[in-house]
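Quick note: numbers below take in every heavy atom, side chains included, and nothing from hydrogens, waters or symmetry partners.
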Amino acid sequence: MLVVDDEWAIAEVLEDILSDEGFRVVVANNGRQGLERALAEKPDLILLDFMMPVLDGPGMLAALAEDERVSGTRVILMSSLPEATVRERCSGYAAFLRKPFLIDDVLATIQNIVTS
């Protein structure tokens with residue numbers, strides 16, 4: 001699993017919790033680094049922040065869709081913005097988590113994606 005978030009505290013908490021749940025987690029702090037790690041690691045699932053420096057979530061999502069090596073990777077998009085606002089700028093994500101989120105919601109969303 002790949003976590004891409006420029007907020008260090010959020011990325012670290014997600015990494016710790018998801019690792020405790022048995023997932024192998026790789027972290028990136030912007031979309032460009034996230035894209036590089038996605039291509040190198042080919043994760044089954046990406047948790048992707050919407051607003052980041054260097055390359056934002058919509059940019060990374062578009063780049064993933066264009067690269068056949070990772071185009072089928074499921075993405076959970078995360079943002080403090082309402083999903084309707086996010087949906088105006090991008091599509092193609094499997095689920096949406098509104099920040100701040102509860103860890104139980106994160107785990108339930110991941111479980112839904114993994115089992116579908």
Could you list the donor-acceptor pairs under 3.5 angstrom formed between side-chain atoms of residues 42-57 and any protein atom two or more places apart in sequence or on another chain?
residue: K42; atom: NZ; partner: L39; partner atom: O; Å: 2.8
residue: D49; atom: OD1; partner: K99; partner atom: NZ; Å: 3.0
residue: D56; atom: OD1; partner: G59; partner atom: N; Å: 2.8
residue: D56; atom: OD2; partner: R89; partner atom: NH2; Å: 2.8

Enumerate, atom names and distances included, each donor-acceptor pair closer than 3.5 Å involving a side-chain atom of residues 104-114, sequence neighbours excluded.
residue: T109; atom: OG1; partner: D105; partner atom: O; Å: 2.8
residue: N112; atom: ND2; partner: A108; partner atom: O; Å: 3.4

Which pairs would a plain distance check flag for residues 62-69, meaning a side-chain donor or acceptor within less than 3.5 Å of a matching protein atom at least two apart in sequence or in another chain?
residue: D67; atom: OD1; partner: R69; partner atom: N; Å: 2.9
residue: D67; atom: OD1; partner: R69; partner atom: NE; Å: 2.9
residue: D67; atom: OD2; partner: R69; partner atom: NE; Å: 3.4
residue: D67; atom: OD2; partner: R69; partner atom: NH2; Å: 2.6

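Within the model, atoms CD of E15 and CE of M1 stand 11.5 Å from one another, a figure rounded to the nearest 0.5 Å. Remark: L61 CG to T73 OG1 distance equals 10.5 Å, nearest 0.5 Å.
Under the 4.5 Å side-chain contact rule for hydrophobic residues, I76 and V26 do not share a cluster. Put simply, L18 and V4 are part of two different groups of oily side chains (I, L, V, M, F, W, Y) that touch within less than 4.5 Å, one to the next.
A donor-acceptor contact shorter than 3.5 Å is absent between the side chain of R98 and the backbone of E83.
More than 12 heavy-atom neighbours from other residues, nucleotides or ligands sit within 6.0 angstrom of CZ on R37.
For the pair M60 and L35, the tightest heavy-atom approach, listed with the atom from each and the gap, is CE-N, 3.7 Å. The two atoms that bring G34 and L2 nearest to each other are O-CD2, 3.4 Å, heavy atoms only. Summarising the geometry of L77 relative to C90, their closest heavy-atom pair is CD2-SG, 3.5 Å, with the distance given to 0.1 Å.
Using a 4.5 Å heavy-atom threshold, the side chains of L14 and F101 count as touching. Residues M78 and Y93 are not in side-chain contact: their nearest non-hydrogen atoms beyond the backbone lie 4.5 Å or more apart.
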>> Run the side-chain contact (heavy atoms from CB on, under 4.5 Å) test on I10 and V3 for me, step by step, so that the C-alpha distance in whole Å, both residues' side-chain angles and the decisive distance to 0.1 Å come before the verdict.
In response: CA-CA 9 Å; I10 291 174; V3 175; over 6 Å; no
